[in-house]
Amino acid sequence: MVKESVPAIALKPGREKSLRRRHPWIFEGAIARVSGDPQFGETVAVTAQDGSPLGWGSYSPRSQIRVRMWTFDPSETVDAEWMAHRLKRAIAYRTTRLLNESHTACRLVAAESDGLPGVIVDRYGDTLVCQFLATGAEYWRSTLVEQLQTLLPGLDIYERSDVDVRGKERLPLRSGLLAGKEPSELLAIQEGNGQYWVDVRQGHKTGFYLDQRENRAIAMQSAAGCNVLNCFSYTGGFSVAALAGGASHVLNLDASAAALALSEKNHELNGIERDRYTHQEGDVFQVLRQFHQERRQFDMIILDPPKFVESQASLNRAARGYKDINRLAFLLLRPGGLLFTFSCSGLMPIDLFQKIVADAALDAHREAQIIRRLAQAADHPILLSFPESFYLKGFVCQVLEA
Ligand code: SAH
């Protein structure tokens, strides 16, 4: 039994099943009783209906996800030392296996997947960029920052908690310096054969799509001699990789002028000949249609759109969007050409995504094969007990000659 002075939540009968399978989220509807008046983000003891302890979690009074579990071991104490231990465990794997001279940026802490719900820490050279996306993460924010300073001394730490999901937890959006000195306007990182400028203050996420690192390497290996169309190109990650792999030309297409401007700089940083790349500002849905009318053809097309699925309710509309761009891409590919197609929506199941791509090929009257399946990079691990952490999926499809 849990001591009465400790804030606690008791689950409804049977609702402990998912916790016994170590799924870290407790939804509002699963809770029978709240006792001890827990505050925003405070640690609560979680018990089954019969009072048996199930572990400790952080309380989020305004969110549908009412509790996020820190630990399933009731004998653990969630304190500063505990936080340090979890951080250390997450960082150890990355620093020994992932970071080296040829890779100076990676995700050090990937929230639920590393047993730290809502906590993201990305490293860009000597700068850490943190996001605290849930009330528990927010509650432990200063402790986590102190522990990071101890574990990784001398690094600058910047916060990018200016993400919409914080609204669901009724947390204000916030960004700014947490420790060390203000990062320079652009930070340079090395990723394999490519170098990139990262804008940690204004860029998407914490500045760069680190989750695509391994897929950019695969694009590099596949691009020799190809005329490439890079859709949703952001700051040119796939383009620089493809050009390093010998692509003859890359056309980068994005709706954001700011992203394209930084993409230009990234191509310059890598000393790529000016006639091997172009940038075009525009809407992918419209421009692909126009290219089809103009009968343009490419050897390789990359489709890495933003998250189309925001909720279960928007899944159908999102599916139509994915199908549309994939169909157009198939129409624009030469026989033998490659389509790198992605969905970063956690709510899009991989089998449905595969079906959408298959339907798109059928509609385009193209026969195609999946020659590779792609996912998020190793520093964005998928926790087996939390399948929601598998969010980025992709296929490399090859169009067959008729
Ligand atoms: N492939 C990139 C990341 C893509 S992020 C990388 O590896 O770094 C998604 C990008 O899509 C953003 O840059 C955003 O500006 C752009 N975007 C969103 N909707 C768009 C649309 N309809 N047309 C063109 N670009 C769009």
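Only a predicted model underlies this, so the values are computations on that prediction, with no experimental measurement involved. Order of listing sets the numbers, starting from 1, for every ligand and every atom in it.
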Lys/Arg N to Asp/Glu carboxylate O, Asp114 vs Arg107, below 4.0 Å: no
Glu112-Ser389 side chain donor-acceptor pair, cut-off 3.5 Å: no
Any N or O of Arg216 closer than 3.5 Å to N or O of ligand 1: yes
N/O separation below 3.5 Å, Thr235 to ligand 1: no
Between Thr43 and Tyr139: side-chain donor-acceptor atoms closer than 3.5 Å: no
Gln212 side chain reached by Asp304 side chain, heavy atoms, under 4.5 Å: yes
Which segment of Phe208 sits under 4.0 Å of ligand 1 when only heavy atoms are counted: neither
Heavy-atom nearest neighbour in the protein, as seen from atom 25 (N) of ligand 1, with distance rounded to 0.1 Å: Ala255 N, 3.0 Å
Which of the ligand 1 atoms, numbered from 1, are nearer than 4.0 Å to a heavy atom of Tyr234: 2 (C), 3 (C), 4 (C), 8 (O), 13 (O)
Contact check: Phe232 vs ligand 1, nitrogen or oxygen atoms, below 3.5 angstrom: yes
Sidechain N-carboxylate O distance under 4.0 Å for Arg274, Glu264: yes
Taking every non-hydrogen atom, the tightest pair across Phe353 and Tyr322: CE1-CD2, 3.9 Å
Backbone or side-chain N or O of Gly237 under 3.5 Å from ligand 1 N or O: no
Tyr209 contact mode with ligand 1 (heavy-atom cut-off under 4.0 Å): side chain
Within-cut-off N or O pair, Val284 and ligand 1, under 3.5 Å: yes
Shortest non-hydrogen separation from Ser263 to His279 and the atoms involved: OG-NE2, 2.6 Å
Shortest protein contact, atom 18 (C) of ligand 1 (heavy atom only): Pro306 CG, 3.5 Å
Close-contact set for ligand 1 against Gly282 heavy atoms, below 4.0 Å: 23 (N), 24 (C)
Nearest candidate to atom 15 (O) of ligand 1, where distance is taken over non-hydrogen atoms, out of Asp304, Ile302, Asp254: Asp254
Carboxylate-amine/guanidinium contact Asp122 Arg160, below 4.0 Å: no
Numbered atoms and elements of ligand 1 in range of Ser256, under 4.0 angstrom, heavy atoms: 15 (O)
Member of Leu148, Leu87, Leu98, Leu99 meeting the side-chain contact (heavy atoms from CB on, under 4.5 Å) criterion with Leu108: Leu99
Ligand 1 N/O within reach of Asp283 N/O, cut-off under 3.5 Å: yes
